[in-house]
Amino acid sequence: MAMDKTFDANTAEPRIYQMWEDAGAFKAGANARDGASTYCIMLPPPNVTGHLHVGHAFNHTLMDILIRWKRMQGFDTLWQPGLDHAGIATQLMVEKDLAATGQPKRTELGREKFLEKVWEWKAAKGGMIEQQARRLGDSMDFSRSAFTMSGASSAPDTEKSGNFHDAVLQVFVKLYNDGKIYRGKRLVNWDPHFETAISDLEVENREVDGHMWHFKYPLANGATYEYVEKDEDGNETLRETRDYISIATTRPETMLGDGAVAVHKDDERYNPIVGQLCEIPVGPKAQRRLIPIITDPYPDMTFGSGAVKITGAHDFNDYEVAKRGNLPMYALMDTKGTMRADGKPYAEEAAVAQAIANGEQTFDEAMIAAMNMVPEEYRGLDRFDARAKVIADITAEGLAVMHDVTRTVKNDDGEKVEVTETVPMVENKKIMQPFGDRSNVVIEPALTDQWFVDTAQIVQPALDAVRNGETKIMPESGEKVYYHWLDNIEPWCISRQLWWGHQIPVWYGPDVVPNFGGITFLDGPPDETSAVPTSRPSFCELTEEEAIKNARAYYESKLNKPVTISICESSGFDNQTVADAGDHYSVNLYRDPDVLDTWFSSGLWPFGTLGWPAENEAMKYFPGDVLITGQDILFFWVARMMMMSNAVLDENPFHTIYLHQLVRDAKGEKMSKTKGNVIDPLDMIDAYGADALRFSNAQMAALGGVLKISEDRIKGYRNFGTKLWNAFSFADHYEIPNAGDTAMPQATQTLNKWIIGEVGKTRVAVDAALETYRFNDAANTLYAFTWGKVCDWYLEFSKPILQGEDEVAKMETQATLRWVLDQALIMLHPIMPFITEELWGTADTRAKMLVHADWPTYGAELVDADADAEMNWTINLIETVRSNRAQVHVPAGAKVPLVFTELEAKGQAAWDNNHVLIQRLARIESLKKVDALPKGCVTIPMPGGTFGLPLEGLIDVPSEIARLEKSMQKLGKELGGLRGRLNNPKFAASAPPEVLAETQENLRLREEEEAQLKAAIARLAELG
RNA sequence: GGGUGAUUAGCUCAGUUGGUAGAGCGCUUCCUUUACACGGAAGAUGUCGGGAGUUCGAGCCUCUCAUCACCCA
């Protein structure tokens, strides 16, 4: 059967993939030898909303190469796939879908109905990426595909099978009981669009054009001081009497929540007024708040005026200052980022705030949280409108810092004149502003009640694992980054005010104490700003039943009466939560409405996917082996898996972490829809086949390297596939039997011994490369072997034998050729699975599919040094003859004679063994011994003898001499270097002996070459 | 501002304990010769970012400067 001209990837790939899947070729443990060790890779779970992009295509390729390689080696492999429920992304997607299809909004649907919609969406549209992964050839065990929300109570029956949800709750409860999870009021990144806390990862800092306003905060009671500025030498540059302190800010609207003005303790300018009060220059005149001027290390004396307003509830730096100085942190905005409209009238709030600032009133967190420091005229304004109004109000009052600006304008007559105006000082400057990556709105730092993992308690094992080498991060620079982050780790905010996710398994009840004949509530009903008082009795349990059971026991012991417990919505939880029904009390509980950060569940991926906490055979795959993922999620995911695996199972989740960079376009730019430079891997697969894309990915995977994907390169590797294809077509053309599964031939022919040795070298090099995750080396080695050795030389060399009369040699060569091609298929398979499987299948019979073929173990013992030397000599001679022919423009088809003066025994043998090949490939008509090389002969210096091409009449003597002299020059430079080294006594003394020997041998060869070149030039000179 | 990395052929990049620079693509010339034009043959191109140092010897180690990229503030 004649083969097609090329491999038709578009039709063959789906067919082959189907064949693998039908055979269960990728199932956990498929092709495992008896008693094999496990080898497991966890796929970084893509978002359930995700599509395959170049980054996935890249790291999937690397994982698949490793898994296929290990599977062929007989390991008990598992490549665990799955999907991440991706809280915010999915919720957004479904909300958009509801809007687009004219359905009720999320808030109108309510939690339960909305979650139904999400599950419906997931069933219909989620997980597209798993189909796309199949197109890449990923050999994951899809039958085990995990989902981080599987087994959730909201899940429909079809999604109930998994138990990831159990794992998440189990870990939460365990960490809670161990005191490693707590609830508290902290400053977090708040997304005013989604009205939830978000993680640092979901915040994108962008440089935007911002402004810096300068305002005067008047000193209390009209006090004044001498404000002095000095230059570096201590000379006064400015002295004036001021009744204010100048503040620079990019966020004037937060002034309403200021708790103090801070200056550096070494800042002499403000020494006179530290400890005094100053006035926030905004709000009703009658209730202007006074705040203290304090010292703190945070203010930068050289930046702005050197004085900083401190708004603890709206800025991360200020928050730290406020904590140090025990300053009240007034929250000014609601969950939508509009100025608060709740609470008491401003006048009342301001009076209390003033008492606090004066030190006359104590305060606590809850009290401050309830206070609304927004004056009536600002209440309900959007934060940006509030900013504009604050600026306008302060400027109108004359409290903006002014400066003179001179500009050129045209007057009424059209003449240019200079006008100097005194205007508010506003600096235009680039500022880094945080945006929500999904919502695209400015993130507001917000002081809210959230759940935290006390990471300080669980970080140590994760750090130790890398420090003592149990887990290795590649490239090594990743380790430094890892230490830097973990050494300075912050508490991890794990609660999100979303619906799609793992609802926090904590139930709250009323705080009560028995009173004579009644109950006293220790805390009031939940209010708008602080839905869940921290002090409330809480019950953290795996199930509602457990929570009820424990709550009943708790309340019965407190109230000395039987108690019945029921569950209500948080919104329905109020004063009625304890009702006296005569013989018993009736107590309401409600569950914390928040869900867990998606990364909390992702952090459990290495074991949650394996059925933990259920007793499970699959747990043999934990810990896994290598994690391959993007450098960008080192903290958010990798570090957390390290911490969580250690905290829960006391083991590291993998021994190697391979980090790669972002995949960029050919110019090295980030891909983005707006730039229009996005390369879709599926388009590449359509155009060139998955193998080409995979080979390209492997080839660019240099450790720590920048990843630039280029279509030209992919095309080049498609061509490589065709080259391999044609090698098989060559075999068919020569009617070489293709029985399949042949043993390594016992070669007698030099040619065959040589190529078998090359196969051995290649196997060693490929394994060494893969063992050290040098995918590029593996790919390049295979490329050079297949194209540069097998196709360029071995197939060409084999032609005369295949066409010849020596049946023994022919049979041996046929067998060798088939064996060599099989080895190429086997070793290329992890990188190019489709085309190799297809070619494997062209044999008459095969014991197994290529995907399960045995990976070879032979190595350097296959190399026959003599055969190696002889074939290299032959190749060298052919190349030199070709080069010389081309140089003097001998027609490609013309056959020319070759002469020699003298051949040493080795040279003679090499010639005798290979002259047919040489004559054919170099187009040599005959070889004749001559006494002396004729005049006008091109000299070919070879080890073991000098050859000559008598091309008299064809050679342009002067240019040939010039060419030879150029070679001499180059050689001279090398000789100079070599001699210089050898003549240097220090070299002989300090260089290792093998380097010395190598250098001496090198010199000998170069000198020989030099002599031959000299002779050649001399001969030509005679002619000229 | 802090951290990490990069700078090697026209382009994109390799170059693993220091031993005297490579690949792919592109380019030039020739070739449709019986596996392959998604091919074959030949060829050109590098003061390895600048400067200094260590060494017998530096693309690789040290220092310094410059430029760029990314991460964090």
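Just so it is clear: chains get the letters A, B, ... in the order the sequence lines come, proteins before strands, and each one is counted from 1. Since we're looking at a predicted model, the values are computed, not measured. As a basis for the values below, the full set of heavy atoms in this structure was taken, side chains included, without hydrogen atoms, waters or symmetry mates.
The residue Phe316(A) sits apart from the nucleic acid: no heavy atom pair falls under 4.0 Å. As judged by a 4.0 angstrom heavy-atom cut-off over every strand, Gln803(A) is placed among residues making no nucleic acid contact. Backbone-only contact: Ser729(A) has heavy atoms under 4.0 Å from sugar-phosphate atoms and none from a base. Within 4.0 Å (heavy atoms only), Lys5(A) reaches sugar-phosphate atoms of the nucleic acid but no base atom. Base contact: Arg718(A) has a heavy atom under 4.0 Å from a base atom.
Between Tyr658(A) and Phe775(A), the two ring planes are perpendicular [angle over 60°; tilted spans 30° to 60°]. Ring pair Phe720(A)/Trp787(A) is parallel by interplanar angle, where below 30° counts as parallel and above 60° as perpendicular.
Dashed line: the shortest gap from a side-chain N or O of Asn719(A) to OP1 or OP2 of rG39(B) is under 4.0 Å. Side-chain N/O atoms of Tyr717(A) include none lying less than 4.0 angstrom from OP1 or OP2 on rG24(B). Under 4.0 angstrom from either OP1 or OP2 of rG43(B) there lies at least one side-chain N or O belonging to Ser883(A). Contact annotation: Trp787(A) reaches the phosphate of rG40(B) (side-chain N/O to OP1 or OP2, under 4.0 Å). Within the 4.0 Å cut-off from OP1 or OP2 of rG40(B), at least one side-chain nitrogen or oxygen of Lys723(A) is found. The shortest distance between the side-chain N/O atoms of Lys799(A) and the OP1/OP2 oxygens of rA35(B) is below 4.0 Å.
A residue-by-residue look at Arg882(A) and Tyr734(A) shows that Tyr734(A) has its nearest nucleotide of RNA chain B further toward the 5' end.
Residue Met684(A) holds its CE atom at 4.0 Å from CD of Glu711(A), rounded to the nearest 0.5 Å.
Listed nucleotides rU33(B), rG40(B), rC36(B) differ in distance to Asp792(A); the shortest reach to its side chain belongs to rG40(B).
rC60(B) and rG18(B) are spaced 6 Å apart, taking the C1' atom of each and rounding to whole Å.
Looking only at atom types and distance, the side chain of Thr813(A) has a donor-acceptor partner in the side chain of Asn752(A) under 3.5 Å away.
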